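None of the values given here were measured: they were computed from a predicted structure. Chain letters run A, B, ... following the sequence lines, proteins first, then strands; residues in each count from 1.
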There are 2 protein chains.
Amino acid sequence: MSGKDTYKDLLKTGNLKSTKHRNALLETLEQSGLPLTAEELFLRLKEKNVSISLSTVYRILETLVDKGFVIRSQLATGNKALYELSHKDHHHHLHCVRCRQIFPVDGCPLEDYEQLLADRFGFTVTGHNLEVFGYCEKCKDHKQDG
Amino acid sequence: MSGKDTYKDLLKTGNLKSTKHRNALLETLEQSGLPLTAEELFLRLKEKNVSISLSTVYRILETLVDKGFVIRSQLATGNKALYELSHKDHHHHLHCVRCRQIFPVDGCPLEDYEQLLADRFGFTVTGHNLEVFGYCEKCKDHKQDG
DNA sequence: CTCCAAAATAAGAATCATTCGCATTTGCAT
DNA sequence: ATGCAAATGCGAATGATTCTTATTTTGGAG
Ligand SMILES: [Mn+2]
Ligand SMILES: [Mn+2]
Ligand SMILES: [Zn+2]
Ligand SMILES: [Zn+2]
C-alpha cells in the first residue's frame, strides 16, 4: 500500500516527474481522507521521515491543484488553505464550529441548482464550493458553552 | 439617503457607538450591493472624502461581523476576504472566472439539504457558504481564451 | 453645557501564510 | 553514463490582516 512510485502513473498523466516528495505527499493525502493544511502535511511527512521543505510542500500542492489532482479550499473564517485529493467523487464537508472536526458527506445537492442557473441567468457553471457549519452530534449539547 | 447617523439605531442594537467611520462604511457597503474587500472599502471611503485608516476599516469590519451585521466570505482561490451587509435576505453569488464580475442570486438551494444533514448525521447546521464559479453570459463565448 | 471614562481611531510595526529567487540536486530521455 | 530540464532547499520577500500605543472622539453624568 505504500511505495515510492505509487503515483508514478498519475503524475505522468500530468507531465510531472515522479519524485519521492510528490509520492509521499500524495500518499499522505490519501491516508488522511480529510483535507489538510500545508503545514499539517509538512509535519506528517516529517513523522514519516520524509525530509522536505515547507516551500516544496506549497510548490507541490500548487502544481497538483493546477493539474486537477488536488482540491484547494479555504474556510470563510480560517486563515489556512485546505488540500485534499480530488480523485474521489465530488463531495462536501461539515465543519463543527466547536470541536473543529470535519465530516465528509458524499454527494452534492447542487446539480439541479446549477442547471437552474444556466437556464435562468445564462451562467455556465464550471464548479462550486460549499461548506456547511454547525454542531456535530457530540457537540450539539454544548451549543451554549463558550 | 446619506447622513452621518443613518445607522445609529442599528449600531445601538449592537452596543456600538455611532461614529462617522462606521456610518460611512455601512453606507458604502449598502450602496455597493456587492461584496467588497477591505481595501476597496478603504478606497471608496477616500473618494467620499472620508479620512480613515485601513486598520480602522479592518477593525470596524471585524466588529460588524461579530455583531452579525456584516457577512465575511473568502473565495477558495482569492486571497482577500469579501464583506457585505447581512440585513438583506440570505442569498449567494455567481463568480465569473473570466471577467471576475460577481452576480448575486436571490434565494438558496440548501434548505432541504440542511434538513437532510440533520436527519441523517445528527448535524445541527448553523450556516453555510456557497460560491458558484463559471462563465457569465458575456464571457461564455470566450471560454477557450486565456 | 462641561467634563470624564470608555470606546474608537491613526499610524505604523508585527504577524503569519504563502510565494519568490537563486543555487544545488534529481529524474529521465537519449 | 550524460546532459538538461525540472524539482528542491533555504532564506528572503510579499501581502493581507492584526496588534500596539498614543491620541481623539463619543455618549452620558452632573
Ligand atoms: Mn458539491
Ligand atoms: Mn445560502
Ligand atoms: Zn463537534
Ligand atoms: Zn464574465
Determine all donor-acceptor pairs shorter than 3.5 Å in which one atom belongs to a side chain in residues 99-115 of chain B; sequence neighbours excluded.
| from | atom 1 | to | atom 2 | distance (Å) |
| --- | --- | --- | --- | --- |
| Glu114(B) | OE2 | His128(B) | ND1 | 2.5 |
| Gln115(B) | NE2 | Asp119(B) | OD1 | 3.0 |

| remark: Between its two end axes (five pairs each) the helix from dC1(C)-dG30(D) to dT30(C)-dA1(D) turns, nearest 10 degrees, through 30°

For [X], check side chain to side chain donor-acceptor pair (under 3.5 Å) against everything at least two apart and list the hits.
X: Ser55(A); answer: Ser53(A)
X: Thr124(A); answer: none
X: Glu62(B); answer: none
X: Ser32(A); answer: none

| query | Which pairs with one or both residues in residues 45-54 of chain B pass salt bridge (Lys or Arg N to Asp or Glu O under 4.0 Å), sequence neighbours excluded? | reply | Glu27(B)-Lys48(B)

Could you check how far [atom1] of [X] sits from [atom2] of [N], rounded to whole Å?
X: Arg72(B); N: dT17(D); atom1: CZ; atom2: C1'; value: 8 Å
X: Lys80(B); N: dT17(D); atom1: NZ; atom2: P; value: 8 Å
X: Asp66(A); N: dA6(D); atom1: CG; atom2: P; value: 15 Å
X: Leu54(A); N: dT14(D); atom1: CG; atom2: C1'; value: 15 Å

| field | Set of residues satisfying ring pair (Phe, Tyr, Trp, His ring centres under 6.0 Å) with respect to Phe42(B), sequence neighbours excluded | value |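 Phe42(B) satisfies ring pair (Phe, Tyr, Trp, His ring centres under 6.0 Å) with no other residue.
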
| query | Which residue, Thr56(A) or Ala38(B), contacts DNA chain D at a nucleotide closer to its 5' end, judged by nearest heavy atom? | reply |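 It is Thr56(A) whose nearest nucleotide is closer to the 5' end.
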
| query | Mapping Leu16(B) and Tyr58(B) onto DNA chain D by nearest heavy atom, which one lands closer to the 5' end? | reply |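 Its nearest nucleotide lies further toward 5', so the answer is Tyr58(B).
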
| field | Boundaries of the chain A footprint along DNA chain C (any atom under 4.0 Å from a heavy atom) | value | dA17(C) to dC28(C)

| remark: Partner of Tyr7(B) under side-chain contact (heavy atoms from CB on, under 4.5 Å), picked from Leu16(B), Leu64(B), Leu26(B), is Leu26(B)

Would you be so kind as to tabulate the donor-acceptor pairs closer than 3.5 Å made by side chains of residues 67-76 of chain B, with sequence neighbours excluded?
| from | atom 1 | to | atom 2 | distance (Å) |
| --- | --- | --- | --- | --- |
| Lys67(B) | NZ | Gly14(B) | O | 3.2 |
| Arg72(B) | NE | Ala76(A) | O | 3.4 |
| Arg72(B) | NH1 | Tyr83(B) | OH | 3.3 |
| Arg72(B) | NH2 | Gln74(B) | OE1 | 3.4 |
| Gln74(B) | NE2 | Asn79(B) | O | 3.2 |

| task | List for me each residue that meets salt bridge (charged side-chain N to carboxylate O under 4.0 Å, His left out) alongside Lys80(A), sequence neighbours excluded, and say none if there are none. | result |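 In terms of salt bridge (charged side-chain N to carboxylate O under 4.0 Å, His left out), with neighbours along the sequence ignored, Lys80(A) is linked to Glu39(A).
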
Between protein and nucleotides 19-26 of chain D, what N or O pairs are separated by less than 3.5 Å?
| from | atom 1 | to | atom 2 | distance (Å) |
| --- | --- | --- | --- | --- |
| dT26(D) | O2 | Lys17(B) | NZ | 3.0 |

| field | Full working for side-chain contact (heavy atoms from CB on, under 4.5 Å) between Thr19(B) and Asn23(B) | value | CA-CA 6 Å; Thr19(B) 69; Asn23(B) 279 283; 5.6 Å; no

| request: Give Ser51(B) one of three labels, base, sugar-phosphate or nothing, depending on what nucleic acid heavy atoms sit under 4.0 Å from its own. | output: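 If one applies the 4.0 Å heavy-atom cut-off, Ser51(B) turns out to touch the sugar-phosphate alone, with no base involved.
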
